[in-house]
Student: 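Below you'll find the structure I mean.
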Amino acid sequence: MRSMPKDYKFDEIEPKWQSKWAEMKIYHYDWNNKNRESFSIDTPPPYPSGELHMGNVLNWTYFDIVARFKRMQGYNVLFPQGWDCHGLGIEIQVEKSNNVRKRDMPPDQFRSMCMALVEKYIAMMKEGILKLGSSIDWTTEYRTMDSNYWRCTQLSFIQLYQKGYMYQGTHPVNWCPRDETAIADAEVDHIKKEGTLHYIKFPLTNSNEHLLIATSRPEFIPACVAIKVNPKDNRYGKYVNKKITVPLINREVPVITDEAVDMNFGTGAVQICTYGDKDDVKTVIKHKLPVIRLINENGKITEAGGKYASLYLNQARVAIVADLTNAGMLEKTEKIQQEVGVCDRCKTHVEILERTQWFMKTMNLSETVERNANEILWYPDYMKNRLIDWTKSLDWDWVISRQRLFATPIPVWYCKTCGEVIIAKSDWVPIDPKLEGPKIVDCPKCGGKDFNGEQDVMDTWMDSSITCAVHAGWPDRSDWKRLFPASIHPSGTDIIRTWAYYLMVRHLALFDERPFNSVLINGMVLGADGRKMSKSLKNYAAAPETLAKNGADAVRQWAAGGGATGSDIPYRIQDVEYGKRFLNKLWNASSFANKLLEDYTPQSANNVELQLLDKWILSKTENLTKKVTESFEKCQFNIAVEDIRNFTWHVFCDYYLEAIKDRLYRPELHGKESRLAAQYTLHKILYRLLQLFAPVAPHITEEIYQYMYLDNKGYPSIQISEWPKSNSTLINEDTEKQGDLIITILGEIRNDKAQKKMSLNAPIKNVTVYAENEETAKIIKKGATDIISTLKIENFTISLDKPVQGRKIPFLEVSIQIDH
RNA sequence: GGACCGUUAGUCUAGUUGGCUAGGACGUCGCCUUCACACGGCGAAGAUCACCGGUUCAAAUCCGGUACGGUCCACCA
């Protein structure tokens, strides 16, 4: 035991331990150790988008607590870290910051610009993760843009193709005209917007009558293939199966019926265009209507648009509305609130295009996904509904091809002669078919010798939805199943429908096994005002600044204790400051205890006779241990943190430490045995509190451990000390009740002093405690010295007579009379 | 429109198998410069636990309904 400095300096101690832990290699997963059970964390590979934000802080704190807790419990913990590099986000930022367009430059050059930006962002985020004290095994670090990761992603594509899960097809897909790529449903956001509903006359063919249809997208009139009405709509019965002439382009289309048509919206007559929205897609399939390709990849009208060809959609809209007005076909317009699909990266209005794409068959996995979602553990449980509901709501297979540059290539070629699809062999990957041909000479079908490499690349989620297998060592380690399925998969409420879902379908399809056995959900970080945290709302807190100012252990307490797991958590600086003050309290209490234990050796305290309050706090500590362990097991970090802090501060410091001071200072009065018992208890309790708090605040607990317990306990770090098991033989309800009685009496007398505006240190002349029965009197007697010495009482009497006056303690069988 | 979550003191929040005399933090007020800590201690005020009904000896907690807020999903062309 060494003496401790007066103040706790987090800015010196936290970095010190962060580097020492790395040197000690205590975070390594030990492949050679087969005795300890494995515990694997499916760490999310974050999208490098700049500096670490408070949302990351929340997530990384959650699963770092799990990692540290499990390590102390003796598990062989795998805590890897990767980076999800590819994607539109980076491409858009590179275009903006360099003022370039990716189509106007060599793809390789653009790719390297992307990689440079990603590396810059990774460095920023990594710094933040390190400063938070995350116990990551950095030897596992990977990037999805690395060739080795490409190999994994491409290999999984090949294997899924072989299993019949990957296919090429021509179907309508969501399309972002700005980014010129297909996107999946999960990448479409919906925003509320004011639109204009146009009431347009559609003349009945060979008649003077006309149908009035209402549409918010008149620009799609050239692609109108039908008009639909509700079969129950009496207004339109006579038009059904008749032909209508589409205005401006004079094409004849049928009037069809569909029960889905809302008779009360607009005019109850709807134009079906290919494709104005997803509903059109359904109608076209259902009624086998023809498809007119009105727009091309960048949102311009095609030849099919006649005189409007080569206009952008919004230009065509203006022209068409003008023409309709001139022709007297536009009856009126009105404003409506509508919700439109936009690209989640660039917020451009999403169109629907029919183009040949690669798909993964996911629809037939929905039931399996649902069953597995029900079988695994969710923290909190109700979050499973998010995945199940999403799975049930899907109606298209997953489109996995993208028309982009910064992504994993699809390892496929096409024979120039016969069009045969050549899928890469497993040992060809990683490979970029844009740069290299297939490793065969002749087309296996026609013998042709020329091939076109696939230009499309994979959806970023194709990279990140195999993390569970890759983390475990697939495809290179034969024993990767030791770590698969992952023990825990952390996910935010916002990415359940993407990451959790895609992980499920990919692994189920590839390995016929679910990827993880439990899911830990974090909510979103809100600003102090309860709204979503964002720079534009001015409620943004910068994580690096917060960490630098308050230290990781304080910020981690906010993350762990700021609210229930899974719920959104506002960022409150008061919570962080409270955490800081708690650390200060813990430090002071520890350095005080350290002083009181200077002459103490645990060996000397064998069979020491414990006093009531010693047994009392020992019993309470065992109960605390039980409760905290259970809370950590259930990922209820907020409950664990609150229990540990309240106990440490208010039970341990305010009562126990105060009560034993006199026994420690004056052995001549209380006896050496009593002093030793207090030291024994103090030594034991503080160690337990440090251990319980170590997963939440690893730095301060380590520092104190090193000063006070290293020699005695022998673990090089408290982080690998054995997690305490609650010792039920020390739990005694009677002892706790008796101790509580003493504490209550102490409190009452303190209260009396406070009301009389006395200093707590001021001596009291007489205190008489009236007990209602002998049993109570006996208990009070056991704690009498603690009461007397803590409160400086000169004459203390325990009486069995009924009191006439004095303080009556509610719910207890005593009352107190005090003279000062 | 559907699903899920929430509604607890001035503010934020805990309360997960019903036993609560509703816990904590911030803020407010009063007292205490007590030999670990004023980044402290002791205390006070402040809550009809959204509302209505039900089950129960007992409900913040379980059930049904209503209102308001949030999130996700689906939508009106």
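Letters A, B, ... are given to chains in the order of the sequence lines, protein chains preceding strands, and every chain is numbered from 1. The basis for the numbers below is simple: all heavy atoms, side chains too, and nothing from hydrogens, waters or symmetry mates.
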Student: In whole angstrom, what separates A:Arg386's CZ from B:C72's P?
Tutor: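 Interatomic distance, CZ of A:Arg386 to P of B:C72: 8 Å.
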Student: Mind checking the C1' distance from B:C76 to B:C68? Whole angstroms is fine.
Tutor: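 To the nearest whole Å, 26 Å.
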Student: Once you round it to whole Å, what is the distance between C1' of B:A77 and CD1 of A:Ile272?
Tutor: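 Taking CD1 of A:Ile272 and C1' of B:A77, I get 7 Å after rounding.
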Student: I'd like the P distance from B:A14 over to B:C52, given in whole Å.
Tutor: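 Roughly 24 Å separates the two P atoms.
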Student: Starting at the 5' end of RNA chain B, which residue's closest nucleotide do you reach first, A:Asp7 or A:Gln271?
Tutor: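 So the residue in question is A:Asp7.
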Student: How is A:Asp277 classified with respect to the nucleic acid when contacts are heavy atoms under 4.0 Å: base, sugar-phosphate, or nothing?
Tutor: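 Result for A:Asp277 = sugar-phosphate.
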Student: Give A:Asn584 one of three labels, base, sugar-phosphate or nothing, depending on what nucleic acid heavy atoms sit under 4.0 Å from its own.
Tutor: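 Touches a base.
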Student: Check the angle between the aromatic planes of A:Tyr578 and A:Trp649 and answer parallel, tilted or perpendicular using the 30° and 60° thresholds.
Tutor: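 Taking A:Trp649 first and then A:Tyr578, their aromatic rings lie parallel (interplane angle under 30°).
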Student: In whole Å, measure the gap between the P atoms of B:U8 and B:A3 for me.
Tutor: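 The same atom, P, in both gives a distance of 24 Å.
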Student: Hey, can you tell me if A:Tyr501 and A:Trp390 have their rings parallel, tilted or perpendicular (30° and 60° cut-offs)?
Tutor: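 If you compare the ring of A:Tyr501 with that of A:Trp390, the planes turn out perpendicular.
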Student: Looking at every strand, decide which applies to A:Arg497 at a 4.0 Å heavy-atom threshold: base, sugar-phosphate, or nothing.
Tutor: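 Since only primed, P, OP1 and OP2 atoms lie under 4.0 Å of A:Arg497, the category is sugar-phosphate.
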Student: Tell me if the CD atom of A:Glu259 is crowded by more than 12 foreign heavy atoms within 6.0 Å.
Tutor: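 No, because the 6.0 Å sphere around CD of A:Glu259 holds 12 heavy atoms or fewer from other groups.
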Student: Distance between the P atoms of B:U11 and B:G27, in whole angstroms?
Tutor: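 Result for the P pair: 16 Å, nearest Å.
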Student: Check this one for me: any side-chain N or O of A:Lys661 less than 4.0 Å away from OP1 or OP2 of B:A36?
Tutor: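 Checking A:Lys661 against B:A36: at least one side-chain N or O falls below 4.0 Å of OP1 or OP2.
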Student: Under 4.0 Å, counting only non-hydrogen atoms across every strand here, what does A:Phe582 touch: a base, just sugar-phosphate, or nothing?
Tutor: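 Contact class for A:Phe582: none.
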Student: Looking at the side chain of A:Leu197, which of B:A36, B:A3, B:A77 is the nearest nucleotide?
Tutor: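 Selected nucleotide (nearest to the side chain): B:A77.
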Student: Would you mind classifying the nucleic acid contact of A:Ile336 as base, sugar-phosphate or nothing, using non-hydrogen atoms under 4.0 angstrom?
Tutor: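 Counting heavy atoms under 4.0 Å across all strands, the contact made by A:Ile336 is with sugar-phosphate only.
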Student: Would you mind classifying the nucleic acid contact of A:Asn638 as base, sugar-phosphate or nothing, using non-hydrogen atoms under 4.0 angstrom?
Tutor: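 Result for A:Asn638 = sugar-phosphate.
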Student: For A:Cys653, report the nucleic acid contact type (base, sugar-phosphate, nothing); a contact means any heavy atom under 4.0 Å.
Tutor: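 A:Cys653: base contact, heavy atoms under 4.0 Å.
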Student: Measure from OH on A:Tyr199 to C1' on B:A77 and round the result to the nearest Å.
Tutor: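 Atom-to-atom, A:Tyr199 to B:A77, this comes out as 11 Å.
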Student: Taking the nucleotide of RNA chain B with the nearest heavy atom to each, does A:Asp654 or A:Ile639 sit closer to the 5' end?
Tutor: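 It is A:Ile639 whose nearest nucleotide is closer to the 5' end.
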Student: Flag yes if more than 12 heavy atoms outside A:Glu367 fall under 6.0 Å of its CD atom; otherwise flag no.
Tutor: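 Open.
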Student: Write down the distance between CD1 (A:Ile569) and P (B:U71), rounded to a whole number of angstrom.
Tutor: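 In whole Å, B:U71 P lies 16 Å from A:Ile569 CD1.
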Student: Assess whether one donor atom and one acceptor atom, taken from the side chain of A:Lys580 and the base of B:C39, lie less than 3.5 Å apart.
Tutor: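 No, the side chain and the base share no sub-3.5 Å donor-acceptor pair.
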Student: Quick check for you: among B:C75, B:A36, B:G24, whose closest atom lies nearest to any side-chain atom of A:Asn646?
Tutor: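 Of B:C75, B:A36, B:G24, B:G24 is nearest to the side chain of A:Asn646.
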Student: Does B:G1 have a Watson-Crick or wobble mate here (both distances under 3.5 Å), and if so which one?
Tutor: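 Result: B:C73.
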Student: Base, sugar-phosphate or nothing for A:Gly268? Non-hydrogen atoms, less than 4.0 Å.
Tutor: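 Base contact - A:Gly268 has a heavy atom under 4.0 Å of at least one base atom.
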Student: Mark yes or no: A:Lys6 above the aromatic ring of A:Trp587, with NZ or CZ under 6.0 Å from the six-membered ring centre and no more than 45 degrees from the axis.
Tutor: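 Judged by the rule, A:Lys6 and A:Trp587 form no cation-pi pair.
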Student: Can you tell me the Watson-Crick or wobble partner of B:A44, both distances under 3.5 angstrom?
Tutor: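 Partner of B:A44: B:U28.
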Student: Tell me: CZ of A:Phe592 to P of B:A38, nearest whole Å?
Tutor: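 Nearest whole value for this atom pair: 13 Å.
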Student: Identify the residue among A:Asp258, A:Val261, A:Thr267, A:Thr257 that makes a side-chain contact (heavy atoms from CB on, under 4.5 Å) with A:Val229.
Tutor: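 Only one option passes, and that is A:Thr257.
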Student: Phosphate oxygens OP1/OP2 of B:C35: is one of them under 4.0 Å from a side-chain N or O of A:Lys595?
Tutor: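 It does not, given that no N or O in the side chain of A:Lys595 lies less than 4.0 Å from OP1 or OP2 of B:C35.
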Student: Measuring from the side chain of A:His650 (C-beta onward, heavy atoms only), which nucleotide among B:C4, B:A14, B:A25 has the closest atom?
Tutor: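 Ranking B:C4, B:A14, B:A25 by closest atom to the A:His650 side chain puts B:A25 first.
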Student: Classify A:Asp262 by what it touches in the nucleic acid, base, sugar-phosphate, or nothing, heavy-atom distance under 4.0 Å.
Tutor: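 Counting heavy atoms under 4.0 Å across all strands, the contact made by A:Asp262 includes a base.
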Student: Which nucleotide, B:C76, B:A36, B:G23, lies nearest any side-chain atom of A:Lys585?
Tutor: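 In terms of side-chain proximity for A:Lys585, the closest of B:C76, B:A36, B:G23 is B:A36.
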Student: Only pairs with both distances under 3.5 Å count, Watson-Crick or wobble alike; so what is the partner of B:U16 in this structure?
Tutor: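 Check on B:U16: unpaired, no WC or wobble geometry under 3.5 Å.
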Student: Go through A:Phe582 and A:Phe693 one step at a time and tell me if the ring-ring contact (aromatic ring centres under 6.0 Å, His included) criterion holds.
Tutor: CA-CA 12 Å; A:Phe582 176 74; A:Phe693 205 45; 5.2 Å; yes
Student: Taking only the side-chain heavy atoms of A:Leu657 (C-beta and beyond), determine which of B:C35, B:U13, B:A36 contains the nearest atom.
Tutor: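 Minimum distance to the A:Leu657 side chain belongs to B:A36.
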Student: Identify the nucleotide, in any strand shown, that forms a Watson-Crick or G-U wobble pair with B:C39, with both distances under 3.5 Å; if there is none, say none.
Tutor: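 Answer to the pairing question: none, since B:C39 forms no Watson-Crick or G-U pair.
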Student: Could you state the CG-C1' distance from A:Asp494 to B:C5, rounded to the nearest angstrom?
Tutor: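 Going from CG in A:Asp494 over to C1' in B:C5 covers 16 Å.
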Student: Return the pairing partner of B:A67 with a 3.5 Å limit on both distances, Watson-Crick or G-U wobble; otherwise return none.
Tutor: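 Here B:A67 is engaged in a pair, and the nucleotide opposite it is B:U7.
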Student: Are any of A:Trp649's side-chain N or O atoms less than 4.0 Å away from OP1 or OP2 of B:G41?
Tutor: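 So the side chain of A:Trp649 is within the cut-off, an N or O lying under 4.0 Å from OP1 or OP2 of B:G41.
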Student: Using atom P of each nucleotide, how far apart are B:G15 and B:G23 to the nearest Å?
Tutor: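 So the two P atoms sit 15 Å from each other.
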Student: To the nearest Å, how far apart are A:Ile521 CD1 and B:C4 C1'?
Tutor: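 Rounded to the whole Å, the gap is 13 Å.
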Student: Rounded to whole angstrom, note down the C1' distance from B:A60 over to B:U21.
Tutor: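 Straight-line distance between the two C1' atoms is 15 Å.
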Student: Once the angle between the rings of A:Tyr656 and A:Phe652 is folded into 0 to 90°, is it parallel (under 30°), tilted (30 to 60°) or perpendicular (over 60°)?
Tutor: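 Taking A:Phe652 first and then A:Tyr656, their aromatic rings lie parallel (interplane angle under 30°).
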Student: Can you tell me if A:Tyr578 touches the phosphate of B:G27, counting only side-chain N or O atoms and a distance under 4.0 Å to OP1 or OP2?
Tutor: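 No, no such contact exists.
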Student: For the side chain of A:Asp575, starting at C-beta, report the closest nucleotide among B:A25, B:C75, B:A77.
Tutor: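 Among B:A25, B:C75, B:A77, the one nearest the side chain of A:Asp575 is B:A25.
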Student: Whole angstroms only, please: what is the CZ-P distance between A:Phe652 and B:G40?
Tutor: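 Interatomic distance, CZ of A:Phe652 to P of B:G40: 17 Å.
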Student: A:Ser591 near the nucleic acid: base, sugar-phosphate alone, or nothing, with a heavy-atom cut-off under 4.0 Å?
Tutor: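 Counting heavy atoms under 4.0 Å across all strands, no contact is made by A:Ser591.
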Student: In whole Å, measure the gap between the P atoms of B:G54 and B:G41 for me.
Tutor: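 Result for the P pair: 47 Å, nearest Å.
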Student: Sort out the partner of B:U21 for me: Watson-Crick or G-U wobble, both distances under 3.5 Å, none otherwise.
Tutor: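 Across any shown strand, B:U21 pairs with none.
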Student: Around A:Lys278, counting heavy atoms of other residues, nucleotides and ligands shown, do more than 12 lie under 6.0 Å from its NZ?
Tutor: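 Yes, the 6.0 Å shell around NZ holds more than 12 heavy atoms from other groups.
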Student: Is any N or O donor-acceptor pair between the side chain of A:Glu658 and the base of B:A36 shorter than 3.5 Å?
Tutor: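 Between B:A36 and A:Glu658, which were checked side chain against base, a qualifying N/O pair under 3.5 Å is present.
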Student: Please give the distance between the P atoms of B:G19 and B:A67 as a whole number of Å.
Tutor: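 After rounding to an integer number of Å, I get 30 Å for this pair.
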Student: What is the base-pairing partner of B:U33, counting Watson-Crick and G-U wobble geometry with both distances under 3.5 Å?
Tutor: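 Its partner is none (no Watson-Crick or G-U wobble pair with both distances under 3.5 Å).
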Student: Quick check for you: among B:C37, B:C73, B:A14, whose closest atom lies nearest to any side-chain atom of A:Asn588?
Tutor: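 Nearest to the side chain of A:Asn588 among the choices is B:C37.
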Student: Heavy-atom count check: over 12 atoms from other residues, nucleotides or ligands less than 6.0 Å from A:Lys626 NZ?
Tutor: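 Result for NZ/A:Lys626: open.
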